[in-house]
Amino acid sequence: MSTAKDPSCSPERDLIFVEPVFHGKIWGGRRLQEEFGYQIPDGPVGECWAISAHPAGDCRVASGAFEGKRLSELWDGHRELFGGATGDRFPLLVKILDAEGDLSIQVHPDDAYAAEHEGGSLGKCECWYVLHADPGATIVVGQRARSREEFARKVEEGDWDGLLNEVPVHTGDFFQIDPGTVHAIKAGTMVLETQQSSDVTYRVWDYDRLQADGSKRELHLAQSLDVIDYDAEPISSGHVDAREADGVTELVSCERYAVERVRVAGERTLPPFRDFACASVVDGTGSAGGHAVGKGDHFVVPSGHGRLALAGRMELVVSYVPR
Ligand code: ZN
């Protein structure tokens, strides 16, 4: 495949490919190796931090003018790559999750609560594009208690079936998880997650599961009760209704991020992004900006790159911060 670069694009504004960071999790599996070809550590691996400048998993640049640097170093020292983006940290975090088991029932705070209670951390708004769901797989998004008191009572009674909103999940579904939404990815599902760059999770319930050492993982019910949104109506499906136009489907656009699915069959050119964008090839092979790419590749489109030329047969998930 050709490796010729777009001649209008200087090496400093070439696509920035990054190396994922992997995290072992008790609910993880081996699909990140089997289906994405990654070299992963032994044992159950649940999370691939694919594009991240978070201190718990700061991706290294794989090639090009900035090879070997961390993404956080580019954010701190080469802000011109990110256009007019502001803030003291790279705002997005893109992951692939492999749930062989059930993730804990959890909820995340918003920015205001996290800033006050979590040492200045960002809150966490996240969303999931479902890469794979086993037949019959389900997912927890939302809950049915209309008040803090009702939620606490149902937890006390162990009435999880009455409390949690569990819906079927299918390959190609999409779920937006606003702060305050109780949620859990469950067994047999892989998702591409786009989120704020935050690692603050309040665990509501962990199914009374024991870890290898016989202990249970810590719960955070008090904080959960503080941050749960009791007014949000539970959803019934993650089916994507948005219309595809020229291969592009807008999955969500919220204050924190916009996420699009991009399908390429032949050639397709995306218009320039205002600041920067994160892109993940989630299926197929082809080329992006003159680079050969395939399933499992992740890159940042820097400010000034111009139009993004794509070719081949592939599907990407692209995210950026709206202004
Ligand atoms: Zn979450």
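Ligands are counted one by one from 1 in listed order, and the atoms in each one are counted from 1 as well. Being a predicted model, the structure only gives us computed values, none of them experimental. The analysis underlying the following values was restricted to heavy atoms, covering all of them including side chains, and did not include hydrogens, waters or symmetry mates.
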Checklist line | Within-2.8 Å protein N/O/S contacts of the Zn ion (ligand 1) | finding: His108 NE2, Glu126 OE1, Glu126 OE2, His183 NE2
Notebook entry, point to check: Centroid-to-centroid, Phe17 to His298, below 6.0 Å?
Noted result: no
Notebook entry, point to check: How far apart are the closest heavy atoms of Trp128 and Val141, and which atoms are they?
Noted result: CZ3-CG2, 4.0 Å
Notebook entry, point to check: Taking the six-membered ring for Trp, are the ring centroids of Tyr38 and Phe22 within less than 6.0 Å of each other?
Noted result: yes
Check: Which hydrophobic side chains are connected to Trp49, either touching it within the sub-4.5 Å cutoff or through other members that do?
Finding: Val21, Leu93
Please tabulate, one pair per line, all N/O donor-acceptor pairs under 3.5 Å involving side-chain atoms of residues 240-254, not counting sequence neighbours.
unit_1	atom_1	unit_2	atom_2	d
Glu244	OE1	Arg263	NH1	3.0
Thr249	OG1	Arg261	NH2	3.2

Pairs under 3.5 angstrom only: tabulate donor-acceptor contacts from the side chains of residues 150-158 to other protein residues two or more places apart or in another chain.
unit_1	atom_1	unit_2	atom_2	d
Glu150	OE1	Arg146	N	2.8
Lys154	NZ	Asp159	OD2	3.4

